[in-house]
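Here is the structure we will look at.
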Amino acid sequence: MTANLPMNKVTVIIPARYGSSRFSGKPLAEVCGKPLIYHCYQSIARSKRIDRVIVATDDLRIQKSVEAFGGNAILTSTNLKTGTDRLSQVVASLDGEIFINVQGDEILLQSDFLDPLIDLFIKNTAIQMATYKREITSWKDLNNPNIVKVVTDLEGYALYFSRAPIPFLRDRSENQPFPGKSYFRHFGIYIYRKELLKRYSTWEESLLEQFEKLEQLRAMEHGVRIFVKETTGDSLRVDTPEDLEEVKKIIKGNHG
């Protein structure tokens with residue numbers, strides 16, 4: 001690992017746990033001859049703005065898999081509730097000040113996907129936590145609870161994240177066209193400053209977080225303003241075994 005990273009250098013930590021109520025063993029699921037965690041790791045490592053990539057996992061099988069393809073992995077506690085809790089534990093022993101959380105089931109499709117978020121964070125030191133949003137363009141995606149929605153204020157800071165369609169369109173007619181630039185999906189990607197992660201680790205799981213199963217709500221309930229930057233980039237996200245089959249088709253097609 002890189003030692004003594006300067007303050008503006010960037011570490012990506014990929015939280016990856018073996019147990020999952022919807023898809024146990026997901027990080028090690030095979031995709032075109034490689035585990036899913038490999039594809040996630042490599043999609044991040046392509047960026048020239050990333051100085052260090054580490055997988056934070058609660059399972060020795062995942063750690064060994066990552067090390068087998070030449071990646072860095074750290075074993076964490078097994079009783080951590082969220083990816084951000086896992087990051088909080090890991091960064092306590094790491095140098096550097098800027099950390100990005102990319103889930104172990106997210107495959108970034110552009111090598112520079114994270115770069116605008118990094119630039120924003122370096123230029124605006126008042127921002128302590130930030131993430132991405134992308135426009136939703138279909139009723140199907142809007143009503144899918146696996147696609148998290150976000151609404152922001154006029155300065156771009158999050159007002160709320162939800163699995164429900166927000167804002168609620170009260171006067172929607174049955175055959176109404178989908179309203180443009182009205183709904184946004186949230187990517188499960190966060191950039192934080194180390195000091196915020198240290199504070200996060202001291203907070204108990206919050207009520208809204210328990211209801212929605214969205215870890216960013218814990219930060220919001222403690223007064224953290226989360227900046228949400230719009231992107232036109234995209235990623236492949238695996239939430240279910242059905243998603244995995246679709247990702248296999250896409251990756252196989254890309255490699256011809």
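Applying the ring-ring contact (aromatic ring centres under 6.0 Å, His included) test to Tyr38 and every residue at least two apart in sequence or in another chain returns Phe69. Residues satisfying the side-chain hydrogen bond (donor to acceptor under 3.5 Å, both in side chains) test with Asp58, not counting sequence neighbours, are none. Judged as a side-chain hydrogen bond (donor to acceptor under 3.5 Å, both in side chains), and not counting sequence neighbours, the contacts of Lys181 are Glu230. In this structure Ile122 satisfies the side chain to side chain contact (heavy atoms under 4.5 Å, CB included) test together with Asn8, Arg49, Ile98, Ile118, sequence neighbours excluded. Taking the ring-ring contact (aromatic ring centres under 6.0 Å, His included) definition, one finds that Phe211 meets it with nothing, sequence neighbours left out. Residues meeting the side chain to side chain contact (heavy atoms under 4.5 Å, CB included) test with Pro241, sequence neighbours left out: Phe23. Under the rule for a side chain to side chain contact (heavy atoms under 4.5 Å, CB included), the partners of Pro27 that lie at least two apart in sequence or sit in another chain are Ala16, Ile37, Ile62. For the side chain to side chain contact (heavy atoms under 4.5 Å, CB included) test, residues two or more places apart in sequence or in another chain that qualify with Arg199 are Glu195, Leu196, Trp203, Val224. Among residues two or more places apart in sequence or in another chain, the side-chain hydrogen bond (donor to acceptor under 3.5 Å, both in side chains) test is passed with Glu204 by none.
The hydrophobic cluster around Leu80 extends to none of the other residues, as no ILVMFWY side-chain heavy atom falls under 4.5 Å of it.
Closest non-hydrogen pair, Arg52 versus Asp95, comes out as NH2-O, 2.8 Å. When all heavy atoms are compared, the tightest approach of Ala158 to Met220 is O-CE, 3.3 Å.
The pair Glu155-Arg225 meets the salt-bridge criterion, with a side-chain N (NZ, NE, NH1 or NH2) lying under 4.0 Å from an Asp/Glu carboxylate O.
Separating the CD atom in Glu106 from the CZ atom in Arg237 is a distance of 5.0 Å, to the nearest 0.5 Å. For the atom pair Glu97 CD and Leu197 CG, the distance stands at 10.5 Å (nearest 0.5 Å). The distance from atom NZ of Lys249 to atom CG of Leu236, rounded to the nearest 0.5 Å, is 13.5 Å. Atoms CG and NZ, from Leu60 and Lys64 in turn, are 4.5 Å apart once rounded to the nearest 0.5 Å. Ser201 OG to Arg86 CZ: the interatomic distance, rounded to the nearest 0.5 Å, is 14.0 Å.
For the side-chain hydrogen bond (donor to acceptor under 3.5 Å, both in side chains) with Lys26, the lone residue among Asp243, Asp105, Asp239 that qualifies is Asp105. Partner Val53 forms a side chain to side chain contact (heavy atoms under 4.5 Å, CB included) with one of Ile44, Ile13, Val102 and no other, that one being Ile44. Screening Lys149, His186, Glu212 against Ser162 for a side-chain hydrogen bond (donor to acceptor under 3.5 Å, both in side chains) leaves a single residue, Glu212.
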Task: Chi angles and distances behind the ring pair (Phe, Tyr, Trp, His ring centres under 6.0 Å) call for Phe227, Tyr157 - done: CA-CA 4 Å; Phe227 189 84; Tyr157 287 91; 5.3 Å; yes
Task: Full working for side-chain hydrogen bond (donor to acceptor under 3.5 Å, both in side chains) between Thr57 and Gln63 - done: CA-CA 7 Å; Thr57 181; Gln63 182 186 36; over 6 Å; no
Task: Check against salt bridge (charged side-chain N to carboxylate O under 4.0 Å, His left out), Asp119 and Lys229 - done: CA-CA 11 Å; Asp119 291 340; Lys229 183 172 180 59; over 6 Å; no
Task: Steps toward salt bridge (charged side-chain N to carboxylate O under 4.0 Å, His left out) verdict (Asp59, Arg17) - done: CA-CA 7 Å; Asp59 194 276; Arg17 65 188 186 97; over 6 Å; no
Per-pair distances, 0.1 Å, donor-acceptor, side chain in residues 141-148, under 3.5 Å, sequence neighbours excluded:
unit_1	atom_1	unit_2	atom_2	d
Asn143	ND2	Trp139	O	2.9
Asn144	OD1	Asn146	N	2.9
Asn146	OD1	Arg22	NH1	2.5

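Inter-residue side-chain proximity for Leu169 and Tyr183 is flagged as met; some heavy-atom pair is nearer than 4.5 Å. Residues Thr231 and Pro116 fail the side-chain proximity criterion, which asks for heavy atoms closer than 4.5 Å.
A cation-pi contact links Arg61 to Tyr18, judged by a cut-off of 6.0 Å to the six-membered ring centre and 45° from its axis.
The ring pair (Phe, Tyr, Trp, His ring centres under 6.0 Å) analysis of residues 100-123, with sequence neighbours excluded, yields the pairs Phe113-Tyr132, Phe113-Phe187.
The cluster map of Ile, Leu, Val, Met, Phe, Trp and Tyr, joined by side-chain heavy atoms under 4.5 Å apart, puts Val228 and Leu159 in the same cluster.
Within the 3.5 Å criterion, the main-chain N or O of Asn79 finds a donor-acceptor partner in the side chain of Ser77.
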